[in-house]
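What follows is a set of notes on a single structure, which appears directly below.
The residues of the chain are indexed from 1 along the displayed sequence. The model shown is predicted, which means the values in this text are computed figures rather than measured ones.
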Amino acid sequence: MVGITAPVAGEPVNADGVWDLLSNKGKMTVFSLCLLLCADLLDFAVGYLTVTIEPLPPVVVGETVTLKCNFKTDGRLREIVWYRVTDGGTIKQKIFTYDAMFNTNYSHMEDYRKREDLVYQSTVRLPEVRISDNGPYECHVGIYDRATREKVVLASGNVFLTVMSPPNNISVMAENTPAPFSRYQAQNFTLVCTAKGGKPAPSVYFKRDGELIEVISYVQPSTGEQGGTSAGVRGARPLISRDLDDTKLHRSLSLLDPEGRSARLYTESPQRFHTQGQQAYEPSPATETIPETVVSREFPRWVHSTDPLYYFSHIHVPQSDGSVVVQAKLTWTLNPQLDNDALFSCEVKHPALSMPMQTEVTLAAPKGPKLLMTPTRAKVGDTVRITVQGFQNEVFPEPLFTWTQVGGHMLDGSTEREGRELVLERVPAELNGSMYRCTAQNPLGSTDTHIRLIVFDEATGAHALGLTWIAIVFTVTVELT
């Protein structure tokens, strides 16, 4: 406390001690005192305002999020405004306002996006959050200036909302298919697993028959680096290029017919026996389906390894909605003998999932194609369609279909056609009794099946019926011998 000093004769006593300060401390002391007095007056006029927002844990799409703005002040509240910050902080979009003067609140979003609810002045709830809600938010609080009552003093706080989305779709497909079956040349085979809709990007891995596959990771080359090759593996183990085993080659070639196809062995057309009371199979009067050809699956002993190396790669593709598409590839040298009926599964882990998502495929060569011919009673001039309706088993990957006419060419002069369906337009009478071969193949194996076309001539209906009866009798006779 400043004391009172004795004055000179004739001077009044300064009870506040200001005279003493002036005479002993100088002008700087007076300036400092003025600053202290002004700061005290300003604090009295403005008051104080602090804003804090508690951090939010990551949330999953569809959940409800509460944005709570905590503030302390001894002033009079004017308004509270919530902003959504976009474009790296350059744009601030109002999403909700509380006006304390009129005690009202309103949303700044369009009607179709109006989802905000005021909980308590500074607290806003966002129900059923979406990926688009991910990002920073700011809360601005304004109070009146005590000195003027016209100006508003502002303070703000911010929080980042992280919205996670589990993958909504996973699928497995074979790369570069449909593809032919190769008996004497080793092939690389690639499974592609695609996971869509995840944020952040999920982790993807492969299993074989329920066991996690040990893989060798590699960097997936760009399109230019691949150079149009089907293997698509940089640094992967090269395919074996040794000479063929001549013994096995000659032995296998001896099973081929003059057209280069597998010859029909005597075991492929067994006699049909029927138990008592069981209805025997009768061929259609219009078509005759020949049993499928059994394909010899002989492979040179050097081609395949029983313990292949698996190569793994993956890429992330960001989407406009903030999610990430993950594409993972598993590549190895295919062994049709060991890989037939092998179960491969793709599993996806994500922090928004309580357990992994999974999809699986069983590698299988085509067996027993089922052919359908329409119309069942073809007449001269009709358009005939022969379609592969399915197989005796689940086939993966999708097979390649090739059609040929046994002992001749197609109507257009071509030697073969591809596709699941063979279309013969305006069939002439000369095609009556012709036989067509359908070859279905994928990298795991190949199979042939045949169907005979019977063309009816309405002008000689009786003669055509006689030919049909002869064809039926001939078919039964051949199959019973």
For Lys370, side-chain contact (heavy atoms from CB on, under 4.5 Å) partners two or more places apart: none
Pairing residues for Lys207 by the salt bridge (charged side-chain N to carboxylate O under 4.0 Å, His left out) criterion, not counting sequence neighbours: Glu347
Atom of Ala174, atom of Phe396 and distance for their closest heavy-atom approach: N-CZ, 3.8 Å
Thr50: partners by side-chain contact (heavy atoms from CB on, under 4.5 Å), with sequence neighbours left out: Lys72
Sequence neighbours excluded - disulfide bond (SG atoms under 2.5 Å apart) pairs with any residue from residues 351-419: none
Of all pairs that satisfy ring-ring contact (aromatic ring centres under 6.0 Å, His included), the ones with a partner from residues 347-376, not counting sequence neighbours: none
Side chain to side chain contact (heavy atoms under 4.5 Å, CB included) between Val384 and Met373, worked out: CA-CA 7 Å; Val384 177; Met373 180 181 290; 3.6 Å; yes
His140 and its ring-ring contact (aromatic ring centres under 6.0 Å, His included) partner, picked from Tyr83, Tyr98, Phe96, Phe71: Tyr83
Aromatic plane relationship, Trp332 with Phe344 - under 30° parallel, 30 to 60° tilted, over 60° perpendicular: parallel
Residues Met410, Arg417; criterion side chain to side chain contact (heavy atoms under 4.5 Å, CB included); working and verdict: CA-CA 8 Å; Met410 298 290 184; Arg417 293 186 190 174; 4.2 Å; yes
Pairs where residues 357-387 contributes a residue and the test disulfide bond (SG atoms under 2.5 Å apart) is met, not counting sequence neighbours: none
For the student: nearest non-hydrogen atoms of Ala201 and Val324, plus distance: CB-CG1, 3.9 Å
Reference residue Asp448; test side-chain hydrogen bond (donor to acceptor under 3.5 Å, both in side chains); the match among Thr402, Thr439, Thr404: Thr439
Phe401 and Phe391 aromatic ring geometry - parallel, tilted or perpendicular at 30°/60° bounds: parallel
Distance in Å, Leu444 CG paired with Thr362 OG1, rounded so as to fall on 0.5 Å steps: 11.0 Å
Side-chain donor-acceptor contact under 3.5 Å, Glu360 with Gln358: yes
Residues Glu54, Lys68; criterion salt bridge (charged side-chain N to carboxylate O under 4.0 Å, His left out); working and verdict: CA-CA 7 Å; Glu54 297 178 0; Lys68 187 176 182 181; 5.7 Å; no
Summary of disulfide bond (SG atoms under 2.5 Å apart) pairs that have at least one residue in residues 322-395, sequence neighbours excluded: Cys193-Cys346
Ser165 to Gly197 - nearest heavy-atom pair and separation: OG-O, 3.0 Å
For Ile53, all residues meeting side-chain contact (heavy atoms from CB on, under 4.5 Å), sequence neighbours excluded: Trp82, Cys139, Val159
CA sep, side-chain torsions, deciding dist, call: Ile451, Arg437, side chain to side chain contact (heavy atoms under 4.5 Å, CB included): CA-CA 7 Å; Ile451 191 168; Arg437 177 193 294 117; over 6 Å; no
Minimum heavy-atom distance Asp339-Thr333, with the two atoms named: OD2-O, 4.5 Å
Residue pairs passing the disulfide bond (SG atoms under 2.5 Å apart) test where at least one lies in residues 413-450, sequence neighbours excluded: none
Minimum heavy-atom distance between Ala342 and Arg208, given as atom pair plus value: CB-NH2, 3.6 Å
Contacts under 3.5 angstrom, residues 418-426 side chains, donor-acceptor by atom type, not counting sequence neighbours:
| from | atom 1 | to | atom 2 | distance (Å) |
| --- | --- | --- | --- | --- |
| Arg420 | NE | Val388 | O | 3.0 |
| Arg420 | NH1 | Glu398 | OE2 | 3.1 |
| Glu421 | OE1 | Arg385 | NH1 | 3.2 |
| Glu421 | OE2 | Thr387 | OG1 | 3.0 |

Qualifying ring-ring contact (aromatic ring centres under 6.0 Å, His included) pairs, either residue in residues 413-436, two or more places apart: none
Asp341: salt bridge (charged side-chain N to carboxylate O under 4.0 Å, His left out) partners, not counting sequence neighbours: none
Least distance between heavy atoms, Asn442 atom then Ala364 atom: ND2-O, 3.0 Å
